[in-house]
There are 2 protein chains.
Amino acid sequence: MARHKEFDQDEALHKAMEVFWSRGYEAASINDLVRHMGINRQSLYDTFGDKHALYLQALDRYREVEGRKMFELLERPGSVKKALRQLFQGVVEGSFCDGQRRGCFMGNAMSELAGRCKETEARTCSNIAAAEGALYRALLRGKKEGEIKGGRDLRAVARFLYSSLQGLQLMAKATRDRKTLEDVVKVTLSVLD
Amino acid sequence: MARHKEFDQDEALHKAMEVFWSRGYEAASINDLVRHMGINRQSLYDTFGDKHALYLQALDRYREVEGRKMFELLERPGSVKKALRQLFQGVVEGSFCDGQRRGCFMGNAMSELAGRCKETEARTCSNIAAAEGALYRALLRGKKEGEIKGGRDLRAVARFLYSSLQGLQLMAKATRDRKTLEDVVKVTLSVLD
DNA sequence: TCCATTCTTGACTAATCGTTCCAGAAAGAG
DNA sequence: CTCTTTCTGGAACGATTAGTCAAGAATGGA
């Protein structure tokens, strides 16, 4: 045997995710990635393949990390409406906190590449389905627990919520007006009443 | 005096808009633009300046053309709800008709550049305000004509509608499932009931 | 007709792109 | 120690990028 990797592969991928997340695919250069990942160029190619492959791995990593956050939030016992409010309000707060306004990596990928790259489209599609499923399960639970009234097409509501979340995240990239974003959240969540 | 331009400047800008619209800023090369605009490289630089300046002019053109369409639709006498349904349903249909799935140029610009380019941010911001205004006026009219019930914060609803429209257009880029998009439209417009 | 001006064309920068190659350093196994 | 393997760093690759230059064609005015 010989020496093992001197850098943390997970950490490097996480850094790559941050670069692609904030700059997008085209605008992120290999040099940017090498710099931010803290590894050298050759290690990048040896470990992750080419730029496109690295992008897809970063997208997968994003889905694991951020998807899990969303699932946990929605599956946490307690008020479903409260969890949803937290989900949406978190986007509003986030757009003022870190000041990076990088939106949702999945949404960015949809916008930049979904129409042009099959692998990206597959990932964003399956992410839509997964998120929609989590929202649907949460709504079902809300209905069972009497918090959300019946008579609604909950599958449609779940789809609506995901689409609205993407819309909100896009708006948060463009405007710094908090009131605008909070108005959007207010009306969006009013469909649950 | 000397000879005048041999190409139609408006037409060339329109072509440039189409290129940036479907490929985005980074992925559109000058060669792509030259090819699609049907003019030579030097004429492009002489007439429109550099790539960035051309992009901003294309964005302005988009706003004129597509913004006008939206304004006319919303100001047309008759049912406001019907006009809004037409606006949203048009996005759904459009994503199946041309097969280009290029989304909304403004939304694309928000996603790709708003956080990184001041001029783009200014344009997307002002477009948000203009669209929100048009939606607000339509809602006011709907209220006056008794079609939309009072007691709602119509400014907030207008903001919500624009955000939802952007979300829908993003979803339309990622999924080819018509039912998903129609579910989103259905629930979105239900806030008007 | 001739001149002045501007458009068109294609070759041409200099820089950057993603990617590969290679030589040497580092580290585990014997 | 030696051998083998892998990691590292920098130089280099060809392709492509945005943008420029210069020479010639075309046009309108006198």
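Chain A is the first sequence line, chain B the second, and so forth, proteins listed ahead of strands; every chain is numbered from 1. The basis for the numbers below is simple: all heavy atoms, side chains too, and nothing from hydrogens, waters or symmetry mates. None of the values given here were measured: they were computed from a predicted structure.
- Atoms CD (Gln9(B)) and C1' (dC7(C)) sit 13 Å apart, rounded to a whole Å.
- The pair Lys51(A)-Glu26(A) fails the salt-bridge criterion, with no side-chain N (NZ, NE, NH1 or NH2) lying under 4.0 Å from an Asp/Glu carboxylate O.
- Going from atom CE of Met37(A) over to atom P of dC7(D) covers 14 Å, rounded to whole Å.
- Clustering ILVMFWY residues whenever any of their side-chain heavy atoms sit less than 4.5 angstrom apart, transitively, puts Phe96(A) in the very cluster that holds Leu170(A).
- With rounding to whole Å, Leu54(B) atom CG is found 10 Å from dG19(D) atom P.
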Given the rule in the salt bridge (Lys or Arg N to Asp or Glu O under 4.0 Å) test, do Glu145(B) and Arg141(B) qualify, once you have shown the distances and angles that lead to the verdict? CA-CA 6 Å; Glu145(B) 294 174 358; Arg141(B) 180 166 66 84; 3.5 Å; yes
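- Judged by atom type and distance alone, Gln42(B) reaches the base of dC21(D) through a side-chain donor-acceptor pair under 3.5 Å.
- Using cut-offs of 30° and 60° on the angle between ring planes, the pair Phe105(B) and Trp21(B) is parallel.
- None of Lys186(A), Lys149(A), Lys81(A) except one satisfies the salt bridge (charged side-chain N to carboxylate O under 4.0 Å, His left out) rule with Asp193(A); the exception is Lys81(A).
- The phosphate of dC7(C) (OP1 or OP2) has no side-chain N or O of Ser43(B) nearer than 4.0 angstrom.
- Rounded to whole angstrom, the span from the CG atom of Asp50(A) across to the P atom of dC17(C) amounts to 16 Å.
- Residue Leu33(B) contributes atom CG, which lies 13 Å from atom C1' of dT17(D) at whole-angstrom precision.
- Of the possible donor and acceptor atoms, one in the side chain of Thr47(B) sits under 3.5 Å from a partner among the backbone N and O of Ser43(B).
- Between Ile39(B) atom CD1 and dT6(C) atom P there is a gap of 18 Å when expressed in whole angstrom units.
- When side chains are defined from C-beta on, Glu121(B) does not count as touching Arg116(B), because their heavy atoms never get closer than 4.5 Å.
- Taking five base pairs at each end of the helix from dT1(C)-dA30(D) to dG30(C)-dC1(D), the local helix axes there meet at an angle of 0°, rounded to 10°.
- For DNA chain D, the residues of residues 19-32 of chain B within the heavy-atom distance limit of 4.0 Å (strictly under) are Ala28(B), Ser29(B), Ile30(B), Asn31(B), sorted by number.
- The side chain of Arg41(B) lies closest to dA11(C) when the candidates are dA11(C), dT8(D), dT8(C).
- Looking at the side chain of Asn40(A), the nearest of the listed nucleotides dA22(D), dT8(D), dT19(C) is dT8(D).
- Between the side chain of His14(A) and the main chain of Asp10(A), no donor-acceptor pair closer than 3.5 Å is present.
- Rounding to whole angstrom units, CG of residue Asp46(B) and P of dA22(D) are separated by 14 Å.
- To the nearest angstrom, C1' of dC7(C) lies 17 Å from OH of Tyr45(B).
- Listed nucleotides: dT19(C), dA18(D), dG10(C). Nearest to the side chain of Lys51(B): dA18(D).
- Side-chain contact between Phe88(A) and Ser164(A) is present, with at least one heavy-atom pair separated by less than 4.5 Å.
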